[in-house]
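Atoms within a ligand are numbered from 1 in the order they appear, just like the ligands themselves. Since the structure is predicted, the reported quantities are computational estimates derived from the model, not experimental observations.
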Amino acid sequence: MATLDKIVALCKRRGFVYQSAEIYGGLNGVYDFGPLGTLLKQNIRASWIKSMMNMADNIVMLEGALLGPYEVWKASGHIDNFNDPMVDCTNCKHRYRTDEIDLQKPCPHCGIIAWTEPRQFNMMFKTQLGAASDQASTAYLRPETAQAIYINFKNVLSTTRVKIPFGIAQIGKAFRNEITPKQFLFRMREFEQMEMEWFCKPEESNDWFERWAQARKEFYQAIGITPERIRLRSHAPDELAHYSQACIDVEYDFPFGWKELEGIAHRGNFDLSQHTKHSGKDLGVYDEETKESYIPHVVECSVGVDRLFLTTLFDAYTEDTVEDEERVVLKLSPVLAPVKAAFMPLTKKLSDQAHAIYSTIRARGIMVQFDESGSIGKRYRRQDEIGTPFCFTYDFDSETTGTVTVRHRDTTFQERINIDHINTFLTEKLSL
Ligand code: GAP
């Protein structure tokens with residue numbers, strides 16, 4: 001039922017996502033997140049961190065720089081290999097990735113066959129540090145967060161108490177000059193990644209690879225994604241990126257087909273070996289048992305925050321009919337919902353009492369809204385559309401019974417609960 005157009009319209013209408021620099025005509029493939037989108041993103045990040053910490057007690061976090069010098073990207077292989085083949089239409093100047101079009105057929109934009117020869121296009125954004133413009137001052141905006149983890153591997157090992165096997169996790173922006181950004185948040189030029197690099201002994205790496213793939217699939221179920229719309233798919237050898245020995249994608253059944261949501265890659269010792277070679281610093285470790293040095297292997301779990309954001313919206317978007325009225329409802333997991341509950345007085349005469357309860361819950365750090373305008377039905381619809389799982393209504397009975405009604409978003413079922421129990425009720429429902 002959810003189409004891309006409906007999701008884009010809802011995101012704009014309710015303040016989840018805006019086109020970046022919209023008042024100047026917009027910047028293609030770049031988006032700003034509005035008040036509700038910011039909250040949803042925060043909840044996505046928090047649930048990812050929690051799932052990582054639950055899976056293993058020796059995962060530490062890192063926040064690397066967005067800019068990296070030429071040497072890092074030369075060593076990682078991005079300077080030489082991070083290319084997309086592209087062609088231009090010489091008639092209308094439209095540019096395409098060669099895998100998106102058939103060069104035997106006319107340009108989908110102008111209907112003429114006038115292609116340039118295919119050529120490689122490096123997707124990194126290049127910039128200069130300072131006033132000089134030589135290779136030493138060249139820097140790149142990172143196209144993935146992972147490299148900051150590899151180049152800090154020894155720093156983390158020597159400044160914390162972690163021992164192999166352990167993980168370093170990072171959430172942060174990445175930048176790719178995509179030739180054709182598309183499908184809204186699916187393929188962007190500026191986006192955010194959540195990556196965890198798991199360092200382990202070579203002989204244990206295949207086992208860890210399988211375990212992480214299963215764990216990551218379970219994460220999506222834990223945050224409420226429909227299990228039938230998630231699958232694991234192993235890469236064929238000719239699909240593998242330059243750094244990986246094996247890869248399993250977590251795919252989601254988007255309206256535009258099954259597509260990658262997350263990649264779990266067995267990167268072998270590619271990255272640490274490359275950085276050892278290029279930096280001249282030994283990134284190997286010493287095994288106390290075997291009395292030998294070795295370069296750890298890496299299993300990587302990498303997912304885009306924005307792509308997961310889009311996935312949760314597609315998965316949650318529902319249209320149904322309640323009391324003969326059509327509604328749009330976002331059936332988001334309470335853990336992800338941007339607003340956890342709304343507090344409503346039945347009439348404005350009861351506003352003070354309802355507001356006092358709302359203030360107490362808000363002071364506990366739970367994101368809640370107070371809504372007293374419009375009919376109660378209209379208020380429910382407003383909250384349904386942004387995915388608020390619970391609406392508490394203070395009515396005239398509340399005055400004498402010390403209770404409020406709580407309405408459940410998905411079923412619209414209502415029950416009365418004691419005002420003193422609201423905090424416990426929410427705390428239970430909001431834990432992963
Ligand atoms: N470090 C490995 C890596 O970056 P990737 O498959 O290129 O691997 C990992 O990216 C994840 O990042 C993807 O599964 C996707 O969720 C997200 N991602 C990649 N490119 C993206 C883009 N242009 N826009 C939004 N998300 C993107």
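Comparing Glu262, Arg176, Met123 against atom 19 (C) of ligand 1, the shortest heavy-atom distance belongs to Arg176. For atom 15 (C) of ligand 1, the candidate residues are Glu300, Arg307, Gln193; the nearest heavy-atom contact is made by Arg307.
Contacts with ligand 1 closer than 4.0 Å are made by no heavy atom of Lys182, backbone or side chain. The side chain of Tyr243, and not its backbone, has at least one atom closer than 4.0 Å to an atom of ligand 1 (non-hydrogen atoms only; side chain from C-beta on).
Near Glu195, with a cut-off below 4.0 Å to any heavy atom, the atoms of ligand 1 are 1 (N), 2 (C), 3 (C), 4 (O). With ligand atoms numbered from 1 in the order given, ligand 1 contributes 22 (C), 23 (N), 24 (N) to contacts under 4.0 Å with heavy atoms of Arg187.
Geometrically, ligand 1 and Met188 share a nitrogen or oxygen pair separated by less than 3.5 Å. Considering backbone and side-chain atoms alike, Leu261 places an N or O below 3.5 Å from some N or O of ligand 1. Residue Gly304 has at least one nitrogen or oxygen atom sitting less than 3.5 Å from a nitrogen or oxygen atom of ligand 1, judged on distance alone.
The existence of a salt bridge linking Glu385 and Arg14 is confirmed by a sub-4.0 Å separation between a basic side-chain nitrogen and an acidic carboxylate oxygen.
Distances from ligand 1 to the non-hydrogen atoms of Arg267 include at least one value under 4.0 Å.
Using bins of under 30°, 30° to 60° and over 60° for the plane-to-plane angle, the ring pair Phe254/Tyr252 lands in the perpendicular bin.
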